[in-house]
Structures are given as structure tokens and as C-alpha cells.
Protein chains: 2
Amino acid sequence: MTKSQAMPAQKTRIQNQNEQIILDAALEVFSAFGYRGATVDQIAIKAGFSKPNLLYYFRRKEEIYVAVLENTLEKWLAPLRSLNPDNDPIEELSAYISTKLELSWRNPAASKLFANEILHGAPHVGKYLKGPLKDLVDQKAAVINFWVANGKIKHIDPYHLIFAIWAVTQHYADFSVQVEALIGPKPELATIKQAVIQILLGSL
Amino acid sequence: MTKSQAMPAQKTRIQNQNEQIILDAALEVFSAFGYRGATVDQIAIKAGFSKPNLLYYFRRKEEIYVAVLENTLEKWLAPLRSLNPDNDPIEELSAYISTKLELSWRNPAASKLFANEILHGAPHVGKYLKGPLKDLVDQKAAVINFWVANGKIKHIDPYHLIFAIWAVTQHYADFSVQVEALIGPKPELATIKQAVIQILLGSL
DNA sequence: TTCATTCTTGATCAAATGGTCAAGACCAGT
DNA sequence: ACTGGTCTTGACCATTTGATCAAGAATGAA
């Protein structure tokens with residue numbers, strides 16, 4: 001009896017190593033061209049594999065894509081998770097914005113990949129949005145409402161505040177081409193942080 | 001001597017009519033699937049034409065795409081153009097946000113098409129960003145700086161304020177799937193307007 | 001009606017692309 | 001060195017898809 005069909009439960013050293021190389025390459029390619037626009041050949045070349053070899057590790061193009069996406073999601077959500085109701089609201093929200101901005105700034109490919117996925121109707125992560133993401137956001141919205149109820153910040157709709165933070169922070173990664181066309185290349189992250197925090201939290 | 005090769009300068013009634021039908025269909029398809037993801041067949045079917053007939057009006061897929069994009073750009077920019085330095089800053093900016101939000105809200109396909117184009121490096125409108133768009137934005141940034149200099153609003157970086165307005169307003173169209181997953185379907189536009197204006201302009 | 005022009009389409013093509021397969025190379029435990 | 005499993009690849013296949021073309025149908029000005 002052979003176990004060849006489904007990949008073995010135990011992963012080889014080479015497997016772990018090569019899968020990571022492939023995922024890194026795939027992130028770049030999917031992010032730059034979208035799911036349909038990316039080709040298995042492109043990913044294979046960027047990763048330094050032959051196409052059949054790449055398809056030995058991931059049997060279908062979609063499997064690579066989903067793996068890359070899942071690989072990104074948790075990292076993407078972590079900052080929101082750390083919003084702490086016991087600290088000063090402005091401090092906490094500023095730190096959140098700052099962290100999120102840096103995350104997008106340093107992982108523009110991941111940001112663009114996610115944006116592209118949502119933009120096209122979230123065909124692969126729809127369940128995730130309505131499940132874990134919604135749970136987390138509901139929880140953190142409650143934290144913001146708690147701050148409002150205790151008079152620590154002015155009244156605000158927590159969901160729209162979170163949306164605004166997401167929108168603005170990701171804008172600098174997703175629309176970097178436009179940003180750079182308008183204010184020149186390589187703007188300072190510190191400058192952006194300051195302006196964004198002022199705009200988004202100035203009303204609190 | 002025949003003029004068949006390049007399309008005649010004078011457009012037929014049928015040509016104008018059919019080109020518009022095609023552009024409408026193409027907007028939907030390109031917006032939903034991206035440039036590569038969209039197929040000429042899909043556009044043809046949605047427009048009610050045979051594929052060769054569609055390619056009679058637009059010789060290449062890319063030609064359709066560029067036409068759709070150009071068709072959208074001017075409409076997209078108009079609201080910013082009407083920012084008037086002589087009126088009350090908060091009034092003007094509120095009106096701008098409101099108009100932009102409604103525009104995105106009512107033309108989600110156009111918003112997504114544009115987002116997708118920028119996301120992938122603006123291969124077809126790069127020139128436009130650095131040219132006409134930059135000129136307009138520079139001009140309007142000067143207006144905001146004028147308001148600041150006259151003490152009408154608190155000090156703010158005009159470019160980042162404009163980016164924030166764009167990011168947030170388009171977020172509700174581009175990321176509608178995520179928004180609806182988190183706060184339920186069909187949120188009220190009026191509610192969104194109020195929250196967004198408070199968040200973005202509260203610091204001024 | 002006439003007829004040149006415009007419009008429409010079935011058939012077809014070439015290239016791109018996701019995916020398969022058999023055969024061989026490599027690796028690790030014995 | 002032997003051997004079973006893992007890893008790698010050249011060759012190949014089926015489908016999709018952008019694009020062409022010749023031939024026929026509709027249109028409109030005279």
C-alpha cells in the first residue's frame with residue numbers, strides 16, 4: 001500500500017524549503033499580475049524551478065494562490081488583534097495605524113494581493129471575511145464603543161473608523177504608483193505616519 | 001482608393017450606438033475580472049454581439065480596455081476640479097467627499113476598474129497620472145494650503161488629505177464585499193457620508 | 001431600384017497556458 | 001552498495017483565447 005496520491009503527512013526538509021521559495025515567488029507574481037494574469041511559468045521561473053517541478057509541490061495553480069493568501073492573512077490581522085482597551089485610546093489607535101502603515105509599506109506585494117482578491121469579490125476568502133475577520137472586528141468595535149461610553153474619546157462609529165484606517169494605510173501600498181506620481185518617489189514613512197494619524201484621529 | 005484600413009473619421013449612427021453598448025459591457029467585465037481575466041467572448045456576449053463583430057468596432061482587446069478607461073477618467077476627476085477656494089473650506093471639502101462617495105457608490109464598476117489599473121502599476125494610464133492628474137492635484141493642494149495660510153483650517157498636508165479622501169471614499173466601492181461582510185448588506189449612504197466626513201475633516 | 005459602403009458572422013488559426021506523464025536523477029536509511 | 005521513496009524534467013496534450021478572413025446581409029444615398 002502506497003501513500004503516493006495525497007502528499008505525505010510528514011514533510012521533507014527539501015519540501016519545506018522549496019515550498020517557501022515557491023510561495024515567495026508566487027506572492028510577487030500574483031501581486032503584480034493578479035490571479036488570472038499570473039502564469040505558472042512565471043512563478044516557476046521566478047522561483048528557479050521547472051514548471052512540472054513546481055506542480056509537483058502544488059498540484060494546481062489555484063492551490064498556490066490559496067496557500068499564498070492564507071500565508072498572508074494572519075500576518076495581516078495581527079495588529080488589530082493587539083488593540084488593548086485598558087490603555088489610552090489615542091495611544092492605542094496611533095500605534096495601530098503606525099503598525100498597519102509599516103506593514104503595508106514593507107509588504108506592498110501582500111497588500112496588493114489582498115486588495116486584488118477583495119476587489120474581485122473575494123472568491124477565495126469570502127468565508128474568512130464573514131467568519132474570523134468579522135468576529136475580530138466586532139470585538140474591536142466593542143472596544144472602541146467602550147472608550148466612547150467612558151468618555152475617553154468623542155462619539156464615533158467604530159466600524160467606519162476601522163474602515164478608514166484600513167483604507168488609508170493600504171492606500172499607500174496599493175496605490176503607490178499614483179502616490180509616487182503625485183508627490184514624487186520614496187516619500188518618508190515618518191511623514192506619512194504623522195499626516196495620517198492627524199487626519200484620522202484628529203476628530204477624537 | 002479605399003479608406004478601409006483605418007476606421008473612417010466620420011462615425012456612423014450605428015457605430016456610435018454600438019460602441020457605447022460595447023463600452024458599457026466591457027466596463028462590467030473588465031471591472032469584475034481584471035484586464036487579463038476578462039475575455040473578448042465575455043464582453044461580446046454581455047454586449048450581445050458576435051466576437052468578430054465586436055472586433056470590428058475595436059480591433060484589439062487592449063483597445064477596448066483603453067477606451068473604457070479613458071471614458072471613465074474624466075468623470076472620475078470632475079468633482080475635485082470644482083473645489084472652490086472662495087467658499088468655506090469645510091463646506092467645500094464636505095461637498096467634495098460627499099460627491100466622491102456618491103460617485104463611487106453609484107459606479108462601483110468604474111471605481112474597481114480604476115483601482116485595478118493602479119494596483120497593477122498603471123500600465124495604461126501612467127502618463128495620465130504624471131500629467132493632467134498631477135497638475136490638477138497640485139493646483140488643488142495649493143487651494144488647501146491657501147486656506148491653511150489664511151487660518152481658515154488647521155495646518156494639514158494637503159496631498160495626504162486628498163489621498164485620505166480618495167482612499168476612504170473608494171474603499172466603500174472597491175472593498176464593498178468586505179464592507180458588507182462586516183456590517184451587513186446595503187449600508188445607508190447617508191450614514192457612511194456622515195461618519196466619513198466626521199473622521200476625515202474632524203481635525204480641521 | 002441600384003450599388004457602394006457598412007455591418008455581421010461561421011469557420012478557422014496560432015499562440016499561450018494549465019496540467020500530465022514516464023523516465024531518470026538524487027537522497028537517505030540500512 | 002542496495003533500495004525504496006523523493007525529487008526533477010523534457011516532451012506532450014487539451015483547452016482557452018485573441019485575432020483573422022472571406023463571404024454574405026443590411027443600410028442608405030442617388
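By convention in this document, chain letters (A, B, ...) are assigned in the order of the sequence lines, proteins followed by strands, and residues within each chain are numbered from 1. These numbers were taken from a predicted model, which means no experiment stands behind them.
- Looking at Y65(B) and E117(B), their side chains come closer than 4.5 Å, going by heavy atoms from C-beta outward.
- Residue D41(B) contributes atom CG, which lies 18 Å from atom P of dA16(C) at whole-angstrom precision.
- Taking side-chain N and O atoms only, R13(A) has a distance below 4.0 Å to OP1 or OP2 of dA28(C).
- In this structure, of dT8(C), dC7(D), dT17(D), it is dT17(D) that holds the atom nearest to the side chain of R36(A).
- Between D138(A) and Y159(A), some side-chain heavy-atom pair lies under the 4.5 Å cut-off.
- Proximity of R60(A) to the phosphate of dG19(C): a side-chain N or O atom is located under 4.0 Å from OP1 or OP2.
- With rounding to whole Å, Y35(A) atom OH is found 14 Å from dT17(C) atom P.
- The phosphate of dT20(C) (OP1 or OP2) has no side-chain N or O of R59(A) nearer than 4.0 angstrom.
- The nucleotide whose nearest atom lies closest to any side-chain atom of K51(B) is, among dA19(D), dC7(D), dG10(D), dA19(D).
- Between K11(A) atom NZ and dA28(C) atom C1' there is a gap of 20 Å when expressed in whole angstrom units.
- Phosphate proximity of dT8(C) to Y56(B): absent, as no side-chain N or O sits under 4.0 Å from OP1 or OP2.
- Taking every side-chain heavy atom of Y57(B) into account, dC7(C) is the closest of dT9(C), dC7(D), dC7(C).
- Distances from the side chain of K61(B) to the nucleotides dT8(C), dT20(C), dG18(D) place dG18(D) closest.
- A salt bridge does not link K140(B) with E92(B): every distance from a Lys NZ or Arg NE/NH1/NH2 to an Asp or Glu carboxylate oxygen is 4.0 Å or more.
- No option in T72(A), V66(A), L69(A) other than L69(A) meets the side chain to side chain contact (heavy atoms under 4.5 Å, CB included) test with V125(A).
- Rounded to whole angstrom, the span from the CD atom of Q42(B) across to the C1' atom of dT16(D) amounts to 12 Å.
- The CD atom of Q17(B) sits 11 Å away from the P atom of dT27(D) (whole-angstrom rounding).
- Remark: Q15(B) is not in phosphate contact with dT6(C), judged by side-chain N or O atoms under 4.0 Å from OP1 or OP2.
- At whole-Å resolution of the value, CZ in F49(B) and C1' in dT9(C) are 13 Å apart.
- The closest side-chain donor-acceptor pair between N16(A) and Q20(A), if any, does not fall under 3.5 angstrom.
- Atoms CZ (F33(A)) and P (dG18(C)) sit 13 Å apart, rounded to a whole Å.
- In this model, the phosphate group of dT9(D) is approached by a side-chain N or O of N53(A) to a distance below 4.0 Å at OP1 or OP2.
- Within 4.0 Å (heavy atoms only), A38(A) reaches sugar-phosphate atoms of the nucleic acid but no base atom.
- Counting to the nearest Å, the C1' atom of dT8(C) and the CD1 atom of I14(B) are 11 Å from each other.
- If you check dT17(D), dG18(C), dG10(D) against the side chain of T39(A), the one that comes closest is dG18(C).
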